[in-house]
Amino acid sequence: HLSRELARHFDCYGIDIMHFSQHHDWDRLHNKGVSFREQADTKTMTLTSICNALATTRASGLPLWCMQQLFAATPSSAAVVQRAHSAVRTYSAASQLEDTKQVSRTTYTDYEQHDVCIVGGGIVGLATAREIINRFPKLSVCVLEKEKAVATHQTNHNSGVIHAGIYYEPGSTMARCCVTGAKRMYEYCAANSIPCERVGKIIVATSEAEVPILHELQKRGTANGVEGLEVISGEKVRELEPNIHVTAGLLSPNTGIADYAAVARSFAGEVQNSGRGTVHLSFEANEFTPTTIRTVNPSQPEESRDVPGVVVSGVAPGQKGPKKHIQCRYLITCCGLQSDRVAIAAGGDSKPKVLPFRGTYYQMKPEHKNIVTRNIYPVPGGGGIPVGVHFTPTLHTERGQQMIIGPGACLAFSREGYSFFDLSFKDMVSTLTHRGLWSFAIRFPKLSIGELYKDLNKAAFIAEAQKMAPGLTLDQCEESFAGVMAQVFDDEGNAAKDFIFERKLLNGTTLHVRNAPTPACTASMAIAEDICDAAAEDFSWNS
């Protein structure tokens, strides 16, 4: 009876029941089914209802470990159905390869299995998982995040600005992705009722010497496809923002603000609700073992072959066990502050290394938060690190509607430390032995020392904002949050000017995102498209 029911529902999804029986312990499964059937009447549970639960999923196959999980369920109809759904959602055995017309199936393993594993549950990793789900309907995806929630670090600790694409080198991937990504972000937030507003931005020159920089930025932004850029006089700036007293400004009407953590959570929800994606939290991936996976053509089982894959192993953060394992055909890492370490563990090069910079924010007290209505930025300085202390209105689910001032850009001695006194010996050694750090410090000594001083001194910090808003006083401001940004420098102390991918590692199964700084949140959906383009090329995926 079990065999007939499974065969009927497998046939609905084009699954070869003979292939299933050849590659799994069918007798053992059947015996468990008979035993379960004998108890079905007393448990008000029928085999048909079990199979119906399985058939409602989008799974293309079912390994023995999923069935064992099902038959071990508690004697409750609702519990069995729930566990059936849970079991099948975590596994998709078939991946249609359009170029060979073969179906890829893994052989029996105790490990949870997916076609693609993405390490990193920030906005870029989740956007990539979403893009795979939407573009490649035969692939299953698993996202591994070491924290207890997605979007915990860089995604949730930034200004929340939707950048228009002004600053970036024309022709660079960063410029293209920022402009495209900003349009997608506005559309996505509107479609999903996520806080977002096109408030605009003015980049201001506080002296005549800085005015030529505004014209250069206008030229660069226009070349990148940014619309509506206009250099305006200081008088015009004061008409728009009465508290801002400057020489001139560059008006960008299409710059905006959004809650990127909410966007990332929405991406995660899409992945999980697709039926082909899962998100595992508290999974710190620290070991990547190349393996082989058996693939067969269901119509010609004798034509089986072994293909490369990866077993991703990890534990909960700070723990030694128990070890958790995921087996996948393809691995993509999007690990932000830990991108270099994860990449090295998964076959990547020792460079580029991450340097962490902590950005401290202040905020206007509630009665003063209407000091401006737009993003107000200074002209960018040298060094390639953040553009300086600026005013930004926020729309954040957790922190509420604020007017923040910041961030600084102080070198951090803990990649995930949000105060000056947070220290990690491992991170400190990594930072201080980075040749690019010392090259940068020698080239920009005032910037290096000045950022450290501002981080410790509120008056020095607010003095930067007072250059744009002379009426600002210390008692109008209060402390707010901090963020840590991953920045990549070469050995000469030059900040990377574009996104960096490392490809075809671990026997051609792996792609690493080694550098994705600002404007990664703005550009996340466009970056995800580029990552999937690279993966499709490297892994021979077809939409």
Hey, can you pull the donor-acceptor pairs under 3.5 Å for the side chains in residues 511-518, sequence neighbours left out?
from : atom 1 : to   : atom 2 : distance (Å)
H512 : ND1    : T333 : OG1    : 2.6
H512 : NE2    : A343 : O      : 3.4
H512 : NE2    : A346 : O      : 3.1
R514 : NH1    : D349 : O      : 3.1
R514 : NH1    : E502 : OE1    : 2.5
R514 : NH2    : D349 : O      : 3.3
R514 : NH2    : P352 : O      : 2.8
N515 : ND2    : D498 : O      : 2.9

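More than 12 heavy atoms of other residues, nucleotides or ligands shown are found within 6.0 angstrom of NZ on K323.
Scanning all heavy atoms of the two residues, the minimum distance from N286 to A345 falls at O-CB, 4.4 Å. When all heavy atoms of L126 and A268 are compared, the closest pair comes out as CD2-CB, 3.9 Å. When every heavy atom of V312 is checked against every heavy atom of A285, the shortest pair comes out as CG1-CB, 3.7 Å. Here the shortest heavy-atom pairing between N507 and P308 reads O-CG, 3.7 Å. Of all heavy-atom pairs between I162 and A258, the closest is CD1-CB, 3.8 Å. In this structure, A264 and A151 approach most closely via the heavy-atom pair CB-CB, 3.6 Å.
The shortest distance between side-chain heavy atoms of P407 and S159 falls below 4.5 Å. Contact check for E287 versus V311: no side-chain heavy atoms found under the 4.5 Å cut-off. Side-chain contact between S140 and V116 is absent, with no heavy atoms from C-beta onward closer than 4.5 Å. In this structure, the side chains of F288 and V119 come closer than 4.5 Å at one or more pairs of heavy atoms. Using a 4.5 Å heavy-atom threshold, the side chains of V179 and Y168 count as separate. Using a 4.5 Å heavy-atom threshold, the side chains of L217 and P380 count as touching.
Qualifying side-chain contact (heavy atoms from CB on, under 4.5 Å) partners for D530, counting only residues two or more places apart in sequence or in other chains: T173, R176, C177, F501, D533. In this view, F481 and Y361 satisfy the ring pair (Phe, Tyr, Trp, His ring centres under 6.0 Å) rule, not counting sequence neighbours. For the salt bridge (Lys or Arg N to Asp or Glu O under 4.0 Å) test, residues two or more places apart in sequence or in another chain that qualify with E169 are R220. Contacts of R503 classified as side-chain hydrogen bond (donor to acceptor under 3.5 Å, both in side chains), with partners at least two apart in sequence or in another chain: D538. For K504, there are no salt bridge (Lys or Arg N to Asp or Glu O under 4.0 Å) partners, not counting sequence neighbours. Residues satisfying the side-chain hydrogen bond (donor to acceptor under 3.5 Å, both in side chains) test with T222, not counting sequence neighbours, are none. Remark: N134 engages no residue in a side-chain hydrogen bond (donor to acceptor under 3.5 Å, both in side chains) (not counting sequence neighbours). Here E197 pairs with nothing under the salt bridge (Lys or Arg N to Asp or Glu O under 4.0 Å) rule; sequence neighbours left out. In this view, H157 and Y418 satisfy the ring pair (Phe, Tyr, Trp, His ring centres under 6.0 Å) rule, not counting sequence neighbours. Every residue two or more places apart in sequence or in another chain that forms a side-chain hydrogen bond (donor to acceptor under 3.5 Å, both in side chains) with Y188 is listed here: S266, E270.
Taking CD1 of I118 as the start and CG of L144 as the end, the distance is 9.5 Å to the nearest 0.5 Å. Note that OG1 of T291 and CG of L506 are 11.5 Å apart. Values are rounded to the nearest 0.5 Å. Rounding to the nearest 0.5 Å places OG of S274 at 11.0 Å from CG of L139. Rounding to the nearest 0.5 angstrom, the gap separating the OG atom in S252 from the CG atom in L229 is 5.0 Å. The OG1 atom of T155 sits 5.5 Å away from atom CD1 of I123, with the distance rounded to the nearest 0.5 Å. One finds the NZ atom of K138 at 13.0 Å from the CG atom of N542 (value rounded to the nearest 0.5 Å).
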Problem - Worked check of salt bridge (Lys or Arg N to Asp or Glu O under 4.0 Å) between R341 and D427 - result: CA-CA 11 Å; R341 290 172 178 165; D427 293 344; 2.7 Å; yes
Exercise for the section: For side chain to side chain contact (heavy atoms under 4.5 Å, CB included), just list the numbers for C196 and Y186, CA-CA rounded to whole Å, side-chain angles, deciding distance to a tenth of an Å, and then say yes or no. Expected result: CA-CA 7 Å; C196 171; Y186 284 121; 3.5 Å; yes
Practice task
Check the pair R130, R135 against side chain to side chain contact (heavy atoms under 4.5 Å, CB included), reporting the backbone distance first and the verdict last.
Solution key: CA-CA 9 Å; R130 172 182 176 269; R135 199 196 301 189; over 6 Å; no
Practice task
Decide side chain to side chain contact (heavy atoms under 4.5 Å, CB included) for I293 and Q327; before the verdict, give the C-alpha distance in whole Å, the side-chain angles of both, and the deciding distance to 0.1 Å.
Solution key: CA-CA 9 Å; I293 299 175; Q327 180 172 285; 3.8 Å; yes
Problem - side chain to side chain contact (heavy atoms under 4.5 Å, CB included) between V141 and H114, intermediate numbers included - result: CA-CA 6 Å; V141 182; H114 298 274; over 6 Å; no
Handout entry: Step-by-step salt bridge (Lys or Arg N to Asp or Glu O under 4.0 Å) determination, D115 to R329
Key = CA-CA 5 Å; D115 295 310; R329 278 282 284 115; over 6 Å; no
Practice task
Please assess R415 against D340 for the test salt bridge (Lys or Arg N to Asp or Glu O under 4.0 Å), listing each intermediate value before the final yes or no.
Solution key: CA-CA 12 Å; R415 295 193 181 192; D340 53 345; 2.7 Å; yes
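For E529 (side chain) and E131 (main-chain N/O), no donor-acceptor pair under 3.5 Å exists by modelled atom type. N192 places no side-chain N or O within 3.5 Å of a backbone atom of I194 that could act as its donor or acceptor partner. Using modelled atom types, no side-chain atom of N224 and backbone atom of V226 make a donor-acceptor pair closer than 3.5 Å.
The side-chain hydrogen bond (donor to acceptor under 3.5 Å, both in side chains) test with N254 is passed by exactly one of K183, E227, R198, K201: R198. Exactly one of E145, K324, E112 qualifies for a side-chain hydrogen bond (donor to acceptor under 3.5 Å, both in side chains) with H280. That residue is E112.
Applying the side chain to side chain donor-acceptor pair (under 3.5 Å) test to residues at least two apart or on different chains, the pairs with a partner in residues 311-322 are S313-H325.
There is no side-chain donor-acceptor pair under 3.5 Å between H434 and D491. Counted by atom type alone, S524 and Y260 present zero donor-acceptor pairs between their side chains at under 3.5 Å. Between the side chains of T392 and N375, at least one donor N or O lies within less than 3.5 Å of an accepting N or O.
Taking the six-membered ring where tryptophan is involved, the planes of Y330 and W541 are perpendicular, since the angle between them exceeds 60° and thus also 30°.
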